[in-house]
Amino acid sequence: VGSPSTVAPTAEVFCQQLLTSPLAMGIFSCDVKTELGSCLAGLCLVHCAFRLGADFASVDSKVIVPQILDQIMVWRDKSDVFLFQTTMDKASSEEVAFNVEVCRFLLLAVMKQSERLASKQWDFLLCSLVSWLQVEWRRKSTRVSQTILLFNRLARRD
C-alpha cells in the first residue's frame, strides 16, 4: 500500500479534476430549454470545485471561467429560463435554483477573475443583475416575499 499522497490526490488536484470533469464540462453541451437540471448540476459542480480549492490561477480556470460565462450568455439568448421578465414567485423551483447558481457563478467570476472578463461579459453581468433587481422591484407587493429572502440567502452563501 502506498503512502496517502500516492493513493489519493491532494485536495487541490481533486478540485481541478472536479472542475474539468465530464459532468461539469457538460455545461457546454446541455440544452437549457430541455436539460435545465443538467445545466444546473454542471454549474453547481464548477462552483463547488472553486469553493473547495480549485486554483483560479491555473490554466484550466483561466480558460474555463470565461467559456462558462460565454455559455451562460448563449443560454440567455436561447431561453427564457433567466428570470429577467418573471418574478421568482411565478417560476419553478428549478428555475429559481438555476438563477441562483448563475448569480453565484457571476459573483465568483467577478471576485476571482474580473481582469479576464471581456466587455461583452461585463455588459451581460451588469445588465443581468439590474434586470433581476428591476423585476422584483416592480412587484406590486410592498412586503418582501419569502422567495426573495431565500434567493438572497442562497446567493450570499459565498
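FYI, side chains are in, hydrogens and waters are out, and symmetry mates aren't considered; it's all heavy atoms of this structure.
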Taking atom CG of L45 and atom CD1 of I27, what is their separation to the nearest 0.5 Å?
-> 8.0 Å
Does a side-chain heavy-atom distance below 4.5 Å link C39 with W75?
-> yes
Contacts of V110 meeting side chain to side chain contact (heavy atoms under 4.5 Å, CB included) (sequence neighbours excluded), chain-then-number -> L117, W122, L125
Is any side-chain heavy atom of F82 closer than 4.5 Å to a side-chain heavy atom of E95?
-> no
Is it possible for you to say whether V65 and F28 belong to one hydrophobic cluster, with membership spreading through side-chain heavy-atom contacts below 4.5 Å?
-> yes
So how far is it from L36 CG to C30 SG, rounded to the nearest 0.5 Å?
-> 8.5 Å
Same cluster or not: are V130 and L106 linked, directly or through other Ile, Leu, Val, Met, Phe, Trp or Tyr residues, by side-chain heavy atoms under 4.5 angstrom apart?
-> no
Under 3.5 Å donor-acceptor, K78 side chain and V32 backbone = no
Tell me, with the steps shown, if F105 and H47 meet side chain to side chain contact (heavy atoms under 4.5 Å, CB included).
-> CA-CA 7 Å; F105 180 80; H47 185 258; 6.0 Å; no
Report yes if the side chains of I68 and L43 come closer than 4.5 Å at any heavy-atom pair, otherwise no.
-> yes
Are V74 and L69 connected, step by step, through hydrophobic side chains (Ile, Leu, Val, Met, Phe, Trp, Tyr) whose heavy atoms are closer than 4.5 Å?
-> no
Going from CZ on R104 to CG on N99, what distance comes out if it is rounded to the nearest 0.5 angstrom?
-> 13.0 Å
Please name all residues satisfying side chain to side chain contact (heavy atoms under 4.5 Å, CB included) with D70, sequence neighbours left out, ordered by chain then number.
-> M73, K120, Q121
Do L83 and F98 have side-chain heavy atoms sitting under 4.5 Å apart?
-> no
Which of parallel (below 30°), tilted (30 to 60°) and perpendicular (above 60°) describes W132 and F84?
-> tilted
Side chain to side chain contact (heavy atoms under 4.5 Å, CB included) evaluation trace for L108 with V46 | CA-CA 10 Å; L108 275 173; V46 168; over 6 Å; no
Distance (rounded to the nearest 0.5 Å) between I64 CD1 and Q71 CD | 13.0 Å
Enclosure of D31 CG (heavy-atom neighbours >12, cutoff 6.0 Å) | yes
